[in-house]
Every structure is written in C-alpha cells, then in structure tokens.
Q: 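Please see the structure below; I have some questions.
Reminder, nothing fancy here: chain letters follow the sequence lines and each chain counts from 1.
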Number of protein chains: 2
Amino acid sequence: MRVTADDKAGIARWRQIADSLRLDIAEGRLAGRLPGETQFAERFGVNRHTVRRALATLSEEGLLTATRGRGTFAAPRPSRIVYPVGSQSRFSENIGAASREPGGTMIASAREMASAELAEAFGCRANATVIRLELLRVADGAPLIVSTIWFEEARLAGIIPAYAEAGSLTGALTKLGFSGQRRLWTKVAAIPADPRDAEHLHCALSTPLIATTSLTVTAAGEPLQYARSRFLGSRVELVFDHTGEPV
Amino acid sequence: MRVTADDKAGIARWRQIADSLRLDIAEGRLAGRLPGETQFAERFGVNRHTVRRALATLSEEGLLTATRGRGTFAAPRPSRIVYPVGSQSRFSENIGAASREPGGTMIASAREMASAELAEAFGCRANATVIRLELLRVADGAPLIVSTIWFEEARLAGIIPAYAEAGSLTGALTKLGFSGQRRLWTKVAAIPADPRDAEHLHCALSTPLIATTSLTVTAAGEPLQYARSRFLGSRVELVFDHTGEPV
DNA sequence: AGTAGTTGTCTATACAAATAAACAAATAAA
DNA sequence: TTTATTTGTTTATTTGTATAGACAACTACT
C-alpha cells in the first residue's frame, strides 16, 4: 500500500483549519472581528465552503458568533487557571485561592494488587493490597482534573468512607489521624487524552493533557499516597516555586 | 449549516485507529505480535482495508513491521527521558546524566522590544530591548526541546557571541562573569504543537508538548533569563523534587 | 505435502469531503 | 436610498474515504 508520510493525512481540511483557528483564538492571536470567509479561504488556499465548515464547528463550540452582513466575531478567551504545586499542594486550597468554587466527585474506587511501580513507591510487596480512588475535579462548572490516587490498605483501610464523609482528601486524612503530610516529588509529562479521560474531562480525544505523578509521605516520611493526575492542558497552568530549594 | 458536535468528525476512521494503536504501543499495552488484521477489523467495527490503512501509516513511522504469512509485530518502545527540574537545572547536565549525548543548535537570535509579560518578569520598562535566543536541543539524535530564551540587553549584551563560542548557555554566562544563578520558578502547561515547533521537533501538528516558562536570577537575585521551552511530550518526563522545600 | 492462518493485491460500489459558480439576505456606511 | 460587503443557501462536479468480496503469496505447523 502506497502511504505518504504526511502528518496531516486522514484529517479533513476543514478540521485542520478549525484546529488552527481554535488555537489562534486560545492564544489570543485572533480576537474581536475576524477576517471575512473569502479572506480566510484565500489565506488557507481552500474554497470558501471549506472555511465555512471550519467556522461552523467553532461556532458550535461557542468560540465564534457569525451574523449575516456583520461578520464573524471571536468570543473573549478564558484565562488559564494557575495551579501552584509544591510540597504542600492541596486541590481545594489551590483552586479556592483562585477564587473559583472548587468541587469534586468520586468516579470510582477499588481494591487491587499493587503494580511493580506502585510497590516500589510504597516500598511494599508487589502483591500487597492497595486502594484506588478516582476523582474528577471541577472548577467553574467544567471538569478540570482527573486524579487516580492509590493508598496502601494496610495503612489507610478506611480512606474511602472517610472521603465520602469529609468531602475532601485532606479532610479524610485528618479524620484518620494523619496531618503534616508533604509531597516528595512530582513528575510531569504531556500526553494525549485517552477515551476514558476524554469522556470525564469533556474534551476531544488526543487533547493535550498534563499528566503528573506524585508521591506524598507522612510527617514521619513514610509513603502515604501515590497519585496520577491528568489536567486539561488548555485550562490550567502548573507553577513550581523553587525558592527555598537547597543550592 | 448543520454541524454535529462530534469530537471525531473530520478525522478519517483509519486515522483514529492509527492514533489509538500508536498510543497503545507507546503505553506498552500492545507489544510483540499483534492481533491479525481481521481481528482488529472486528474489534474496531470496520472493514479490514481500513485497519490496513492504519497499520500502513504506523509501519511507515517505524512502529510496526508486517510480514506476509507471519503477522505484524510492534517495535520495542523507547523509554521516556527523565528530566529533573529544580533551582539548578541545566540542559547539558540533565541529559548528560541520563547517559545520552546532548546536543543543541541555535535556530535563531534577535533583538526586540520587551513584551508586557517580559517587562514584568525583568522588572524593566515595556519598551526596553531584549535579546531572544532560540535553541533546538537534541538527545539520541532526535530533537527533544525547543527553547526560547530572553535576556535583558542592558545586562547581557554579549550573550549571543558568547554562546556561539562556548557552545552552551552555562558556559556563555560564565564567560560573561555570571555564576551561581538559580531558577526562581517554573510554570508548566500542555499545549498542542504549532507549525513552527512541529517542524523543529519533527512531530505532527497538535502533538502534545510540555510548555515550561521559567525565570532564572543571578546569585544576587536579579532577573537574568526568562525562558519558554517546549518539550516533546512523548519522549520526556519532568521531575520536580520537593524535598528541601519549606514546610 | 498439506493445511490453516497470515499479509498483500485487485476490482467495484456507496458515501463523505472539497471545489466551483451563482445568487439570496442581512448589515453598515456613504 | 444606494452601494459595497458580509454571511447564508443552492446545485453540480470531482476527489478521497470506507465497504465488500475474492484471490494470490507467504509462513508456520501438523
């Protein structure tokens, strides 16, 4: 089979244009009144209808409003939520500090065997039982983060009911007698959204996500929780403050 | 115009399948011998030819090798490069420590007016002159990072020739009499690759990138460099170590 | 040698996407 | 009001995408 090594193959021209314009709007390069459909068509080297198909999708997404005779206008772009990450990170504090109502729901919870990765982080046997908690975190009424959090059952058997009652992780841990815990490290990667995450975050497949993996320990330094969070790349920005780090 | 709000609209079925399989291979869910084309066709609910079109592209990308009569086999997946980020981050040290030959080339350099964002970071006038340096960083022979770095001209007039001579940023700064600089903070976002970055990083448009923005200051605490780097999400993982942070 | 299972190739058909050329309908400004 | 500009609609044609069925070529195993 003859296959050209073309990046854009298999993606309709109108889709490419829509994606390009969506990015331009998100980055603020396109705002207010947009150029006419005819101008766009010429700029992209396509027929006017192809541009119209692209604009129609963006209009459907609420990024654009077009009026016959007047023109097409870009909606004002929302700013990124700033999310500080450090040894003391907590979801509710972070989002709360940015004066947006936080929220979260438990998507799922399960007991399972520790994977090799997890066993290493917890310093336990590979077949030890762990508790997995899946949370969906919301800000401004739209989903922002999907978190998968693991706990050692031996240490945190009652975490699920405690969370259900307290409504927050920090609260649940306090209820179980843990305080003064801190985050040891955070790993960050960029990944395309998989079908499950795309559904929860209400975004398209392959949308760029920030994937963080982190280990939190007790005040005494014992492993407490291992978490993997996926942040909607378009709505959030993580901030790491290095002041205070050893030189 | 009637437009359904469908995520996958405008993306050919074979492309969606190719993207899905590419992710499966990258995450290790698919390895060694793959299911037959007929099985894939049934699993995805499409014709065998559509699957073949998807496999053909992955084969073109070197992720697959198919042999008539034998079957189709996934290439072994490369591991992510671990990139520690902290107050002392330097590119050559990081990649060097992972025992991979580092490398870098200057893509471009220019003098320009400070943007509002930049002026705030540097604490200077908005129309002050800054020097912009664009670097492409390579590991294992493949591009990994595109960095845009700004310096205040008033403080670092000779940075371009110094870099050209020293071959590294740290070396260039030493040559200009700066040492003991440290990174104050790092912001992290996930963005789709734009046309320029996609070209440099040799990746498809809209590939997830990690975008970091950081401020480095002199030993005395004065702003030294403001940098915006784009990391290829599929090949790298950033690690932030919070030990030593104030509690 | 034979057989089951695999990838590779071919032809034909139906549907979506993109192009082309006009024209209608609304708006803004002269 | 008139004019130019803009988005919206229609019809027709061409190119790409997906399906269907059949068969060839090759491999691994019995």
Side-chain angles (χ1 to χ4, degrees), chain A residues 1-21 25 30-75 204-205, chain B residues 1-21 25 30-75 204-205:
Chain A
M1 188 183 295
R2 203 65 255 113
V3 170
T4 59
D6 183 4
D7 285 353
K8 304 183 277 287
I11 300 184
R13 200 82 183 78
W14 65 262
R15 235 269 183 180
Q16 299 176 38
I17 293 170
D19 291 343
S20 163
L21 293 179
I25 293 170
L30 229 49
R33 177 169 190 186
L34 306 191
E37 296 174 346
T38 325
Q39 282 182 63
F40 271 137
E42 194 170 355
R43 179 183 307 178
F44 287 111
V46 300
N47 190 274
R48 187 177 146 233
H49 285 89
T50 312
V51 169
R52 279 179 61 72
R53 182 74 172 81
L55 295 177
T57 351
L58 298 181
S59 181
E60 185 78 10
E61 295 171 20
L63 297 172
L64 248 52
T65 49
T67 321
R68 178 188 303 197
R70 270 169 46 83
T72 309
F73 300 82
L205 267 173
Chain B
M1 186 182 293
R2 203 63 253 111
V3 170
T4 60
D6 183 6
D7 286 352
K8 304 184 277 284
I11 301 184
R13 201 78 184 82
W14 65 262
R15 233 279 181 175
Q16 299 177 37
I17 293 170
D19 291 344
S20 161
L21 293 179
I25 293 171
L30 269 180
R33 177 169 190 186
L34 305 192
E37 295 173 348
T38 325
Q39 282 183 61
F40 270 135
E42 194 169 355
R43 180 182 308 179
F44 287 110
V46 300
N47 190 275
R48 187 177 146 233
H49 287 93
T50 312
V51 170
R52 281 181 61 70
R53 182 74 173 83
L55 294 176
T57 39
L58 297 181
S59 181
E60 184 78 10
E61 294 171 20
L63 296 173
L64 248 52
T65 49
T67 321
R68 178 187 305 195
R70 269 169 47 84
T72 309
F73 299 82
L205 266 174

Q: From C/dT19, D/dT19, C/dA17, pick the nucleotide closest to the side chain of A/T50?
A: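 It is C/dT19.
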Q: Does D/dT6 have OP1 or OP2 sitting under 4.0 Å from an N or O in the side chain of A/T67?
A: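 So the side-chain polar atoms of A/T67 never come under 4.0 Å of the phosphate oxygens OP1 or OP2 of D/dT6.
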Q: Within this structure, what is the CZ-to-C1' distance between A/F73 and C/dT27, rounded to whole angstrom?
A: 10 Å
Q: Could you check if a side-chain atom of B/T50 sits within less than 4.5 angstrom of a side-chain atom of B/F44, using non-hydrogen atoms only?
A: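 With C-beta onward as the side chain, the pair stays apart.
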Q: Quick one: the side chain of A/H49 and the base of D/dG8, do they pair up donor-acceptor inside 3.5 Å?
A: no
Q: How close or far is atom P of D/dT19 from atom CH2 of B/W14, stated in whole angstroms?
A: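 Taking atom P of D/dT19 as the reference, CH2 of B/W14 is at 14 Å.
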Q: Rounded to the nearest Å, what distance is computed from the CZ atom of residue B/R52 to the P atom of nucleotide C/dT9?
A: 7 Å
Q: With a 4.5 Å limit on heavy-atom distance, are the side chains of A/F40 and A/I17 in contact?
A: no
Q: If only atom types and distance count, is the side chain of A/E37 paired as donor or acceptor with the main-chain N or O of A/V51 below 3.5 Å?
A: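 Not a single qualifying donor-acceptor pair exists.
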Q: Is A/L64 close to A/I25 at the side-chain level, that is, under 4.5 Å between some pair of heavy atoms?
A: yes
Q: Does a nitrogen or oxygen in the side chain of B/R70 sit under 4.0 Å from OP1 or OP2 of D/dC26?
A: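 Indeed not, no polar side-chain atom of B/R70 lies that close.
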Q: When you get a sec, tell me which of C/dT19, C/dA17, D/dT7 is the closest nucleotide to the side chain of A/R48?
A: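 Of the options given, the side chain of A/R48 lies nearest D/dT7.
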Q: Figure out the CD/C1' separation between B/E37 and C/dG5, and round it to whole Å.
A: 12 Å
Q: Separation of A/I11 atom CD1 from D/dT15 atom C1', in whole Å?
A: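 To the nearest whole Å, that distance equals 18 Å.
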Q: Hey, which of these two, A/N47 or A/G69, hits DNA chain C nearer its 5' end, going by closest nucleotide?
A: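 Nearest nucleotide further toward 5': that of A/N47.
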Q: Can you identify which nucleotide, out of D/dA18, C/dT6, C/dA18, has its nearest atom closest to the B/Q39 side chain?
A: C/dT6
Q: Over how many whole Å does the gap from A/F40 atom CZ to C/dT19 atom P extend?
A: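 My rounded result for the distance is 16 Å.
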Q: Roughly how many Å is it from CD1 in B/I17 to C1' in D/dT17, rounded to a whole number?
A: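 Checked: the CD1 to C1' distance equals 12 Å.
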Q: If you look at every strand shown and take non-hydrogen atoms under 4.0 Å, does B/T72 touch a base, only sugar-phosphate, or nothing?
A: sugar-phosphate
Q: Measuring to OP1 and OP2 of D/dA18, would you say a side-chain N or O of B/R53 lies under 4.0 angstrom away?
A: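 No, no such contact exists.
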Q: Go through it in stages, so that I can follow the logic: the residues are A/T57 and A/W14, the test is side-chain contact (heavy atoms from CB on, under 4.5 Å), and I'd like the CA-CA distance, side-chain angles, deciding distance and then a yes or no.
A: CA-CA 9 Å; A/T57 351; A/W14 65 262; 3.6 Å; yes
Q: Rounded to whole Å, how long is the line connecting atom CZ of B/R68 with atom P of C/dC10?
A: 10 Å
Q: Paired with D/dT10 by Watson-Crick or G-U wobble geometry, both distances under 3.5 Å: which nucleotide is it?
A: C/dA21
